[in-house]
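Shown next, in structure tokens, is the structure this report addresses.
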2 protein chains.
Amino acid sequence: MKPNRTTTKPRMTEQRKIVLSAVRKIRRHPTVDEVYTHVRRRLPRISLATVYRNLELLAAQGLIRQVDFARPQQRYDHRLHDHYHIRCVQCGRVDDVPIDPFSALEYDAKCCGDYRVLGHRLEFYGVCPTCQKRKDNRPPRTQKASPRLVSARVKTVNNRREGAE
Amino acid sequence: MKPNRTTTKPRMTEQRKIVLSAVRKIRRHPTVDEVYTHVRRRLPRISLATVYRNLELLAAQGLIRQVDFARPQQRYDHRLHDHYHIRCVQCGRVDDVPIDPFSALEYDAKCCGDYRVLGHRLEFYGVCPTCQKRKDNRPPRTQKASPRLVSARVKTVNNRREGAE
DNA sequence: TTGCTATCAGTAATGATTATCAATATTTTT
DNA sequence: AAAAATATTGATAATCATTACTGATAGCAA
């Protein structure tokens, strides 16, 4: 997506409406392909690219949510003890969070469904100090572009203000 | 041709040792490319595939950790209220976990680093009821393969495409 | 209407990862 | 030690999800 300075006014097109209703209708957390398949029952000529486009836009508008921080690249950690991470939504940087891991959580989760719970991961997200200093929203060159996250940030910024200073 | 009993005894080769030490040496959570770049200073001829292979193997051995559940496909959620998920490590299925979201967590995390914390996500992982019933470890065909997560298991069943249906 | 721009379908390109393969290295068995 | 079996490697092709590009179309504002 390109950073245009236009007065972006998204139009709720027929395709977009149907994509949205598809995500809402499919109970579980659908993949893009599942949405695509579902939508095509009503719009057989819709393009997969249109589904991608609209899902991203709907997420940026906060009408739906992306489940994952699907960063383009996997990261590795040499620290083997349980700990949590914080990730910069702009540049993808990941740091450790030195708070103690919970132990009761898995028990709590066990009471729902028949999953055999193996563990959990807790991840914070925010803006790293480096990105806070940057005026524009471009990710630094050390990081491959991650358009999805950048657009998601627009949404989260509206909802923040947890512990305002 | 038959992948029977796994006398699988991984050899700690020079390449593997250096990949491991690279992950340990790079303080932050490195991407594959960062590891590759670092390793090449000592082994200029090493293949990127070797780095991928060794990172996966080291993670399967528990010597390092993968930071993300980098599922191949992004998933979407129409539920907008804060809630947590549980994900099946075998088939990738995602369900909601009806425990109350924490509110103090972001405050706790704030005390470390200069991140501006926007929120958090908590994800459980385990084995879904369907996969618990399955004897083999193959993911169901409704799910695109998730090589990274299941690879440790899949490897023993190797070379067998699930084409026979 | 005229111009602007969002959106579309279709398709090509991208980028991360995985698979394949022949060659080499290491272990195991004889 | 030789032979057999298996693991590993480098190089490269293939895959798969996602993104970018294209020319056409349609809604909105002046």
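Proteins come first, then strands; the chains are lettered A, B, ... in the order of their sequence lines, and each starts at number 1. Owing to the predicted nature of the structure, the values given are computational and were not obtained by experimental measurement.
Gln73(A) has its CD atom 18 Å from the P atom of dA17(D), to the nearest Å. Summarising the geometry, the separation between CD on Glu14(B) and P on dA25(C) is reported as 13 Å, rounded to the nearest angstrom. For the pair Gln61(B) CD and dT8(D) P, the interatomic distance rounds to 9 Å; values are reported in whole Å. Rounded to whole Å, the distance from CG on Leu55(B) to P on dT8(D) is 14 Å. Leu57(B) places its CG atom 13 Å from the P atom of dT18(C), with the value rounded to the nearest Å. Whole-Å rounding puts the Met12(A) CE to dA26(D) P distance at 20 Å. Between the CD atom of Glu56(A) and the C1' atom of dA17(D) there is a distance of 14 Å, rounded to whole Å. With rounding to whole Å, Tyr36(B) atom OH is found 13 Å from dA16(C) atom P.
Comparing Val32(A) and Ala49(B) by the nucleotide of DNA chain D that holds the closest heavy atom to each, the one mapping nearer the 5' end is Ala49(B).
Using a 4.0 Å heavy-atom criterion, one finds that Arg16(B) contacts the sugar-phosphate atoms exclusively. If you check every strand for non-hydrogen atoms under 4.0 Å, Arg11(A) touches a base.
Scanning for salt bridge (charged side-chain N to carboxylate O under 4.0 Å, His left out) contacts around Arg79(B) gives Asp77(B), Asp96(B), with sequence neighbours left out.
For the residue pair Gln132(B) and Arg116(A), the shortest heavy atom distance occurs at NE2-N, 3.1 Å.
Residue Arg45(A) has its side chain nearest to dG10(C) when only dT19(D), dT12(D), dG10(C) are considered. Proximity note for Tyr52(B) (side chain, C-beta onward) versus dA16(C), dG10(D), dA9(C): the nearest is dA16(C). Which of dG10(C), dC8(C), dA11(D) sits closest to the side chain of Thr50(A) comes down to dC8(C). Nearest nucleotide to the Asn54(A) side chain, out of dC8(C), dT18(D), dT7(C): dC8(C). Picking from dT11(C), dG10(D), dA17(D) the nucleotide with the shortest atom distance to the side chain of Asp33(A) gives dA17(D).
Taking side-chain N and O atoms only, Thr13(B) has a distance below 4.0 Å to OP1 or OP2 of dT9(D). Taking side-chain N and O atoms only, Gln15(A) has a distance below 4.0 Å to OP1 or OP2 of dA9(C).
Using cut-offs of 30° and 60° on the angle between ring planes, the pair His120(B) and Phe102(B) is tilted.
The closest side-chain heavy-atom distance from Arg93(A) to Pro129(A) is below 4.5 Å. Counting heavy atoms from C-beta on, the side chains of Val67(B) and His85(A) come closer than 4.5 Å. Contact annotation: the side chain of Arg75(B) never approaches that of Val35(A) to less than 4.5 Å [non-hydrogen atoms, C-beta and beyond].
With hydrogens and angles ignored, no donor-acceptor pair under 3.5 angstrom links the side chain of Arg53(B) to the base of dA19(C).
Taking five base pairs at each end of the helix from dT1(C)-dA30(D) to dT30(C)-dA1(D) and finding the rotation axis that steps the C1' atoms of four pairs onto the next four gives two axes whose angle is 30°, to the nearest 10°.
In this structure, Arg121(A) forms no cation-pi arrangement with Tyr84(A), as its terminal cationic atom is not both closer than 6.0 Å to the ring centre and no more than 45° off the ring axis.
A salt bridge does not link Lys133(B) to Asp114(A): none of the charged side-chain nitrogens sits closer than 4.0 Å to a carboxylate oxygen.
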